[in-house]
Protein chains: 2
Amino acid sequence: MPRKPEQKRKQATLADVAQMAGVSIATASKALNGRSQVKAETRARVFEAAEKLKFSPNAMAQNLLTGRSGTIGLVTHDLDGRFSIPTLMGAEDAAGHGRTSVLLCDARGDALRERYHLQALLGRRVDGLIVVGARPDPRSSLGTLPVPVVYAYAPSTDPRDTSIVTDNVAGGRLVAEHMLACGRRRIALVTGDPEYGAAHDRVAGAREVLDRDGAEVVPSEPLYGTWSEEWGRTAAGLVINQHPDVDGIICGSDQIARGVLDTLRESGRKVPDDVAVTGHDNWEILAVNARPQLTSVDMRLEELGRQAAELLFAAIDGRTTKGGHVVTPRLVPRASTGPRVSG
Amino acid sequence: MPRKPEQKRKQATLADVAQMAGVSIATASKALNGRSQVKAETRARVFEAAEKLKFSPNAMAQNLLTGRSGTIGLVTHDLDGRFSIPTLMGAEDAAGHGRTSVLLCDARGDALRERYHLQALLGRRVDGLIVVGARPDPRSSLGTLPVPVVYAYAPSTDPRDTSIVTDNVAGGRLVAEHMLACGRRRIALVTGDPEYGAAHDRVAGAREVLDRDGAEVVPSEPLYGTWSEEWGRTAAGLVINQHPDVDGIICGSDQIARGVLDTLRESGRKVPDDVAVTGHDNWEILAVNARPQLTSVDMRLEELGRQAAELLFAAIDGRTTKGGHVVTPRLVPRASTGPRVSG
DNA sequence: GTCTAGGCCGAAAGCCTTTTCGGTATCGTA
DNA sequence: TACGATACCGAAAAGGCTTTCGGCCTAGAC
């Protein structure tokens, strides 16, 4: 049984405005929309009436005409996570600057829920979709949809789709170059879950730079584990045991770096004097509260979200943007790295 | 100049389905919506056609009829903050269980931007609004709007509005009772910015319990400062200097508690053996990584968001829910508190 | 065989706005 | 005075869907 909504009186419609202003609906419409075929005095009357009735045009009726809803769908998989949110913010921001609104859905990594939300969004005639992944590994394509789709953070496996991701290889290069600039020559690589492509990419970028410059990677193989402080503590113990002369540790995440810092401090090593440490993700609450504060790589997720929205708008306007796009991360140097101080 | 959208062929319409099935539009509609006046065989034909054409009904047209959009607006003021997000999640979750979608806007604490987004949402004929504040202090009402509004986290100053908030006084009571249960009798209260009502409420709740039980509050006046680790470190120093026999410190936030823990550890005090410490907010990344892990108060923000949505749906259905509603927080005991061990 | 009831189906109105196009009034000019 | 031009305004259609209501047909009853 459908319940009656509480609205005492319906929202004012254009017809009401027209009647109050003593003009036709058509004229009222033209007046409010700034069309030129209305006498100034008439226009004023219409505006006055609209004001008095608190008229606001029914977007649903407008969109029925234009065929566009002025709405985009944003499907996230990680609403509680710290990666989706900045991306979401960037997209919302970019959309708000135009006149489009964002319909938000959280599918929580569940493909079924994703399909369900997709149906709802398509029924609402969104003009386009942004799909934000929970982790940067590629995900299966949604296939051909009646509206353009941009995959953000997690790219689509199908190269014909439009995707935008952070450049983890470049992130790896950034910290490695920074380490070298700080005069470090024996560097350990400690990273997280080897199931994550990001772990490998960041290592690959760092390795490329270190090898090119002839710096020593100790141990020669990077240490994979989990994305946790715990693993950071453990791994740091392994490294300083086997290679007491290590002078830099590049970590795959800020969490790992926090653990590494703990072990180094407890083993009496000074950071950055003895060993420089870098994190990844620039998770401020961790990086800034670390002792010393942690040099990290910022993936510029908000920028990523913004660009995702821009790509989507371009696609909606018919300017095609297929393929992979990349946001270059930036280094945020803090106290955990610095020129080597002998002693 | 309006650009042409890329859509090669328009979405299938009900008319297309009807034509393919060899029935009228009316019959097609009735068939798809499960109305009873359609022969089973006809219905099957219609469904088949709809399937083939990937028909999905145009929600904008449907809503034009019903006058309801199946959409609620969610205006947040703190999209990057950790308080809005869980609330948002809860609301999205509650909405998704029905068949309503969430339009998300971030006003960033700017009243002007709020009005702008409000207009956009009302134009889109949202069925209702949830306004999520950035901090728990009361905010000015939006006044009478054509749709129901629920204020979440930050209540409206107008008691005729519907608001839902966390019970900070109860949160204060919770930790105080826990301290007493752990046998603590000389307890310090360290909290944040006195501009925040939450700071006072939490203190008031704790004080009420401590006074009732005759426990000693040292110093007799709570220490107000900022919501930072820095202040936590400073305040803890003050407390143990003036009252070396303190055996419990109730902190107004997890950040403050982290700072307090640092100072206690560095001064040689054992937690919880010598001094028990509690935080507030249950910000897991802080509470769980603290040493020892931090007992805290969880505000159940996700539940708050869920209930906000429920209240809104009730109001939309005409069941009025004016006034203030409250979500009771819960204690999350961890290692930083425990029975006093003489030592 | 005729009449009626009931089961199916379709025409059309309505939701709210925009836009086109035709109509009216006004004005200047010949 | 009359004509064309110009400036305003309004009727109506369109957009996709739901719902009402009347019409048709079939089957069963007399």
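Every chain is numbered from 1, with letters handed out A, B, ... down the list of sequences. Note that these values count all heavy atoms, side chains included, but never hydrogens, waters or copies made by symmetry.
- Each of A/Ser24 and B/Ala12 was matched to the nucleotide of DNA chain D holding its nearest heavy atom; the match closer to the 5' end belongs to A/Ser24.
- Look at A/Arg306 and A/Glu310 and you find no salt bridge, because none of the NZ, NE, NH1 or NH2 atoms lies under 4.0 Å from a carboxylate O.
- Between A/Ile164 and A/Leu304 the shortest side-chain heavy-atom distance falls below 4.5 Å.
- In the set C/dG10, D/dC17, C/dT17, C/dT17 carries the atom at the smallest distance from any side-chain atom of A/Ala61.
- Each of B/Leu65 and B/Thr42 lies near DNA chain C, and the nucleotide nearest B/Thr42 is the one positioned closer to the 5' end.
- Looking at A/Ser69, its side chain does come within 3.5 Å of a backbone N or O of A/Arg125 through a donor-acceptor pair.
- No option in A/Asp161, A/Thr157, A/Asp158 other than A/Asp161 meets the side chain to side chain donor-acceptor pair (under 3.5 Å) test with A/Ser141.
- Closest approach to the A/Ala26 side chain among D/dA11, D/dC17, C/dC9 is made by D/dA11 (side chain taken as heavy atoms from C-beta onward).
- Of the two residues near DNA chain D, B/Asn58 and B/Lys30, the one whose nearest nucleotide lies more 5' is B/Asn58.
- Side-chain atoms of A/Asn33 come within 3.5 Å of backbone atoms of A/Ser29 as a donor-acceptor pair (strictly under, hydrogens ignored).
- Taking atom CZ of residue B/Arg68 and atom P of nucleotide D/dT18, one finds them 16 Å apart after rounding to whole Å.
- Using a 4.0 Å heavy-atom criterion, one finds that A/Gln37 contacts the bases of the nucleic acid, with or without backbone contacts as well.
- Between the CZ atom of B/Arg45 and the C1' atom of C/dC9 there is a distance of 11 Å, rounded to whole Å.
- Of the candidates D/dC8, C/dA11, D/dG16, D/dG16 carries the atom nearest the B/Leu64 side chain, counting heavy atoms from C-beta on.
- The shortest side-chain heavy-atom distance between B/Val17 and B/Val46 falls under the 4.5 Å cut-off.
- In this entry the distance linking CG of A/Asn63 with C1' of C/dC16 reads 12 Å, nearest Å.
- At whole-Å resolution of the value, CG in B/Leu14 and C1' in D/dT19 are 13 Å apart.
- Straight-line distance from the CD1 atom of A/Ile25 to the P atom of D/dA13: 14 Å, rounded to whole Å.
- In terms of phosphate contacts, B/Arg35 brings a side-chain nitrogen or oxygen within less than 4.0 Å of OP1 or OP2 of D/dT19.
- Taking side-chain N and O atoms only, A/Gln62 has no distance below 4.0 Å to OP1 or OP2 of C/dT17.
- Separating the NZ atom of A/Lys39 from the P atom of C/dT24 is a distance of 17 Å, rounded to the nearest angstrom.
- The side chain of B/Thr13 places no N or O atom within less than 4.0 Å of a non-bridging phosphate oxygen (OP1 or OP2) of D/dG15.
- Here D/dC17 presents its P atom at 15 Å from CZ of A/Arg124, a figure rounded to the nearest Å.
- Whole-Å rounding puts the B/Met60 CE to D/dG16 P distance at 9 Å.
- With C/dG10, D/dC17, C/dC16 as the candidates, the nucleotide lying closest to the side chain of B/Pro57 is D/dC17.
- Listed pair A/Ser29 / C/dT19 fails the phosphate criterion, with no side-chain N or O lying under 4.0 Å from OP1 or OP2.
- The residue A/Thr66 sits apart from the nucleic acid: no heavy atom pair falls under 4.0 Å.
- For B/Thr27, a side-chain nitrogen or oxygen approaches OP1 or OP2 of C/dG10 to under 4.0 Å.
- For B/Asn33 and D/dT18, the shortest distance from a side-chain N or O to OP1 or OP2 is below 4.0 Å.
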